[in-house]
Amino acid sequence: MGRLVNTRELRDLSEGEEVVVRGWVYRWRDLGKRVFIVVRDAYGIVQVVASKDYTDSMSFKVAREASIESSVIVEGIVRRDKRAPGGVEIRAKKINLVHKAEEFPIKGGEGIDFLLDNRHLWIRSRRLTAVWRLRQNLFNAFREFFHKEGYFEVSPPMLTQAAVEGGATLFKVDFFGRPAYLTQSAQFYLEVMIFSLEKVWTLAPSFRAERSRTRRHLYEYWHLEAEAAWSRMDDMMDLVSRLVAYTVNRVLETSQEELSILGRNTELLEPARKPAYPRIMYEEAIDILKRKGVDVKYGDDLGADEERVLTSEFETPFYITLFPLELKSFYMKEDESNPGLALAFDLLAPEGVGEIVGGSEREDDYEKLKNRIISRGYNVEDYNWYLDLRRYGSVPHSGFGLGVERLIMWIAGLDHIRDTIPFPRFRDRIYP
RNA sequence: GCCGGGGUAGCUCAGCUAGGUAGAGCGCCGGGCUGUUAACCCGGUGGUCGGGGGUUCAAGUCCCCUCCCCGGCGCCA
């Protein structure tokens with residue numbers, strides 16, 4: 001019996017080697033005296049050929065009965081053949097039908113509603129499997145990057161007591177009779193951690209009950225967040241640029257095959273390999289939009305349409321900085337040299353993807369922060385422990401949050417966020 | 001929350017404007033085929049038209065209510 005190999009290892013084997021491959025039936029064609037079975041595993045596909053000439057008679061019978069998505073173990077000999085997809089195939093000696101699948105509901109051509117109802121089966125498609133592999137490579141890149149930068153990975157809570165900002169978009173849960181909420185952001189907890197570890201990051205889910213219905217929104221998404229003591233806004237933007245450029249480079253190095261399956265034009269990612277992303281001030285963004293004929297005025301928030309116009313101006317991700325204070329969250333620090341402006345930044349991805357990062361320098365003065373909380377109409381008591389951080393050795397500090405699925409959308413060139421995560425959570429859809 | 005589109009066979013859809021006993025393609029099942037690539041050829045199988053009420057001799061089609069899904073906006077990452 002040959003050695004067990006997966007379909008990726010198989011590509012490098014030479015003619016005549018005896019191997020064992022196991023996987024699921026992806027395509028099946030019976031030509032009478034010869035049966036072609038394309039077998040799928042985690043890494044790809046390989047064509048298995050069964051013939052009366054070299055396959056034992058029981059196995060040949062099995063080959064003729066194998067249905068789509070049946071699980072099989074195949075013993076056979078590697079053959080290089082131009083007619084096989086990928087140029088390599090296996091001449092089957094023995095085929096073990098581990099489980100004969102019932103009629104598989106997904107056959108191609110289904111609509112999105114049907115596919116989402118069958119996500120637990122759709123998950124194994126070649127295209128989605130490529131996304132999961134790319135996602136793995138992206139997560140590895142995050143860890144490598146922060147390790148190199150000297151950041152500590154920390155584990156913030158998912159169950160929280162109070163709102164970070166605004167309460168309408170929180171998912172409420174019952175915490176032994178008391179109200180609790182699923183976290184929207186780890187930011188406040190990361191701010192706590194910098195007084196212990198100085199530079200921290202986390203990769204964790206965030207939950208937002210925004211009633212959004214767009215191809216860029218999930219109710220549960222993976223949030224990459226970092227926070228650093230002594231870091232000013234410009235330092236943080238430098239870090240974000242290095243992070244995004246590093247990630248783009250690593251994905252281009254490790255995921256060529258996946259990007260190819262997804263049909264991504266990787267030329268469009270080349271300019272983003274260098275961490276030199278343009279920075280424009282909010283005021284400049286407004287000017288650009290006016291010049292483009294968009295009906296906006298200073299003080300307006302930038303919506304999806306405005307972002308789309310702006311992203312068409314750049315080939316790389318770019319920053320918008322220094323927003324009017326009232327457009328941004330209460331914890332963002334006011335720029336001393338530009339009163340009325342927040343030391344805040346958004347990073348927008350090109351090709352119409354839009355905002356992928358939001359960050360800022362945090363207000364580190366106790367009185368100023370408290371006044372901001374009061375002027376927004378929030379309860380000061382809800383923020384006691386957060387305010388405490390400004391009472392015991394407060395330091396300048398900055399941080400950011402990155403939407404992992406939006407980053408994947410851009411890098412992988414996907415037109416809908418649902419394909420970036422195995423089980424996308426949308427409004428009115430919690431099954432499966 | 002608002003605007004728009006949709007729910008008819010297992011799947012994708014046509015039929016609705018001008019009411020008259022429900023259609024196609026794919027799939028599936030059976031047979032054939034020595035190299036297929038979404039294989040091909042022949043034969044077969046398919047539906048309380050999302051749910052409820054109304055108008056009518058007659059409703060998939062017209063009217064009212066309701067449920068569900070999709071796309072977009074606001075908000076955000």
Side-chain angles (χ1 to χ4, degrees), chain A residues 26-38 45-55 60 63-64 67-68 79 81-87 89 91 102-118 122 126 164-166 168-170 184-187 203-225 240 300-308 317 327-329 345-349 353-359 399-410 415-418 420-421 426-429 431:
Chain A
Y26 178 66
R27 295 279 186 267
W28 178 89
R29 292 179 277 271
D30 181 357
L31 275 71
K33 296 208 170 88
R34 196 160 293 185
V35 182
F36 296 89
I37 300 173
V38 179
I45 56 170
V46 65
Q47 175 163 277
V48 171
V49 190
S51 162
K52 283 179 174 171
D53 298 338
Y54 42 77
T55 306
F60 187 72
R64 300 197 71 173
S67 49
I68 298 293
R79 263 187 57 90
D81 193 312
K82 273 183 290 192
R83 294 169 296 186
E89 66 183 17
R91 274 191 172 177
E102 293 176 33
E103 186 186 335
F104 199 63
I106 301 172
K107 306 162 196 298
E110 290 81 8
I112 193 62
D113 187 29
F114 182 85
L115 288 171
L116 284 171
D117 282 342
N118 288 282
W122 186 21
R126 279 194 85 197
V164 172
E165 42 182 318
T169 61
L170 289 160
Q184 281 193 317
S185 163
Q187 181 197 321
L203 177 57
S206 278
F207 306 88
R208 298 202 180 172
E210 296 158 357
R211 296 215 159 259
S212 307
R213 263 204 86 80
T214 81
R215 64 185 67 193
R216 306 183 308 282
H217 283 86
L218 289 168
Y219 285 9
E220 176 184 15
Y221 69 98
W222 284 73
H223 210 172
L224 178 70
E225 293 175 278
V240 169
D300 288 349
D301 212 346
L302 303 176
D305 293 336
E306 288 77 27
E307 281 191 359
R308 209 164 293 124
L327 290 183
K328 288 296 182 179
S329 301
F345 62 90
D346 288 347
L347 182 69
L348 276 65
V353 173
E355 187 172 356
I356 55 172
V357 175
F400 72 88
L402 176 150
V404 171
E405 285 75 21
R406 288 193 181 170
L407 181 65
I408 294 174
M409 262 182 94
W410 168 54
D415 60 8
H416 202 297
I417 202 161
R418 66 176 155 241
T420 64
I421 188 167
F426 300 119
R427 186 162 154 198
D428 303 322
R429 192 176 279 285
Y431 174 95

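Chain letters run A, B, ... following the sequence lines, proteins first, then strands; residues in each count from 1.
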Does some side-chain heavy atom of [Y] sit less than 4.5 Å from a side-chain heavy atom of [X]?
{"X": "Val404(A)", "Y": "Leu203(A)", "answer": "yes"}
{"X": "Glu405(A)", "Y": "Trp222(A)", "answer": "yes"}
{"X": "Arg418(A)", "Y": "Ile112(A)", "answer": "yes"}
{"X": "Ile106(A)", "Y": "Leu115(A)", "answer": "yes"}
{"X": "Phe345(A)", "Y": "Val357(A)", "answer": "yes"}

Measure from [atom1] on [X] to [atom2] on [N] and round the result to the nearest Å.
{"X": "Tyr431(A)", "N": "C68(B)", "atom1": "OH", "atom2": "P", "value": "17 Å"}
{"X": "Met409(A)", "N": "C76(B)", "atom1": "CE", "atom2": "C1'", "value": "14 Å"}
{"X": "Gln184(A)", "N": "A77(B)", "atom1": "CD", "atom2": "C1'", "value": "11 Å"}
{"X": "Asn118(A)", "N": "G10(B)", "atom1": "CG", "atom2": "P", "value": "14 Å"}
{"X": "Asp30(A)", "N": "U34(B)", "atom1": "CG", "atom2": "P", "value": "11 Å"}
{"X": "Arg27(A)", "N": "C40(B)", "atom1": "CZ", "atom2": "P", "value": "12 Å"}
{"X": "Leu115(A)", "N": "U12(B)", "atom1": "CG", "atom2": "C1'", "value": "11 Å"}
{"X": "Leu327(A)", "N": "C76(B)", "atom1": "CG", "atom2": "P", "value": "9 Å"}

Point to revise | Steps toward side-chain contact (heavy atoms from CB on, under 4.5 Å) verdict (Ile421(A), Leu218(A)) | key: CA-CA 10 Å; Ile421(A) 188 167; Leu218(A) 289 168; 3.9 Å; yes

Identify whether any heavy atom of [X] sits under 4.0 Å from a base atom; if not, whether one sits that close to sugar-phosphate; answer base, sugar-phosphate or nothing.
{"X": "Ile356(A)", "value": "sugar-phosphate"}
{"X": "Val35(A)", "value": "nothing"}
{"X": "Gln47(A)", "value": "base"}
{"X": "Glu89(A)", "value": "base"}
{"X": "Asp346(A)", "value": "nothing"}
{"X": "Phe36(A)", "value": "base"}

Under a 3.5 Å cut-off for both distances, is [N] Watson-Crick or wobble paired, and to whom?
{"N": "C26(B)", "result": "G10(B)"}
{"N": "C40(B)", "result": "G32(B)"}
{"N": "C2(B)", "result": "G72(B)"}

Practice item. Taking all heavy atoms of Trp122(A) and all of Leu116(A), pick out the closest pair and write down the distance. Key: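 Closest approach of Trp122(A) to Leu116(A), heavy atoms only: CZ3-CD2, 4.0 Å.
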
Check your understanding: Between Glu225(A) and Ser206(A), what is the shortest heavy-atom contact and its length?
Key ->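 Scanning both residues, the minimum pair turns out to be OE1-OG, 4.5 Å.
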
Practice item. Evaluate the criterion side-chain contact (heavy atoms from CB on, under 4.5 Å) for residue pair Asp346(A) and Lys328(A); output intermediate values, then yes/no. Key: CA-CA 11 Å; Asp346(A) 288 347; Lys328(A) 288 296 182 179; 3.3 Å; yes

Review point. Does the side chain of Tyr221(A) pick up a donor-acceptor pair with the side chain of Arg406(A) at under 3.5 Å?
Key: no

Review point. For residues Ser67(A) and Glu103(A), is any side-chain donor paired with an opposing acceptor at under 3.5 Å?
Key: no

Exercise for review: Take Arg126(A) and Ile45(A) through the side-chain contact (heavy atoms from CB on, under 4.5 Å) test and state the conclusion after the steps.
Suggested key: CA-CA 9 Å; Arg126(A) 279 194 85 197; Ile45(A) 56 170; 3.8 Å; yes

With 3.5 Å as the limit, what N/O pairs link the protein to nucleotides 44-48 of chain B?
none

Rounding to an integer number of angstrom, what distance separates [N] and [M] when you compare their [atom1] atoms?
{"N": "G23(B)", "M": "G60(B)", "atom1": "C1'", "result": "12 Å"}
{"N": "U66(B)", "M": "C2(B)", "atom1": "P", "result": "13 Å"}
{"N": "C41(B)", "M": "G25(B)", "atom1": "P", "result": "13 Å"}
{"N": "A9(B)", "M": "G44(B)", "atom1": "C1'", "result": "15 Å"}
{"N": "C11(B)", "M": "U48(B)", "atom1": "P", "result": "12 Å"}
{"N": "A77(B)", "M": "C69(B)", "atom1": "C1'", "result": "26 Å"}
{"N": "A38(B)", "M": "C57(B)", "atom1": "C1'", "result": "50 Å"}
{"N": "A24(B)", "M": "C49(B)", "atom1": "C1'", "result": "16 Å"}

Table of protein N/O atoms under 3.5 Å from nucleotides 23-31 of chain B N/O atoms:
from: G27(B); atom 1: O2'; to: Lys107(A); atom 2: NZ; distance (Å): 3.1

Review point. Going through the checks in order, is the side-chain contact (heavy atoms from CB on, under 4.5 Å) test met by Val38(A) and Arg29(A)?
Key: CA-CA 9 Å; Val38(A) 179; Arg29(A) 292 179 277 271; 3.9 Å; yes

Review point. Between Asp415(A) and Arg216(A), is the closest basic N to carboxylate O distance under 4.0 Å?
Key: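 Looking at Arg216(A) and Asp415(A), the cut-off is not met.
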
Exercise for review: Classify every nucleotide of nucleotides 69-75 of chain B by which part a protein heavy atom approaches to under 4.0 Å, writing B for the base, S for the sugar-phosphate alone and - for neither, in 5'-to-3' order.
Suggested key: SBBBBBB

Check your understanding: 5'-most contact on RNA chain B: Arg91(A) or Gly111(A), nearest heavy atom basis?
Key -> Gly111(A)

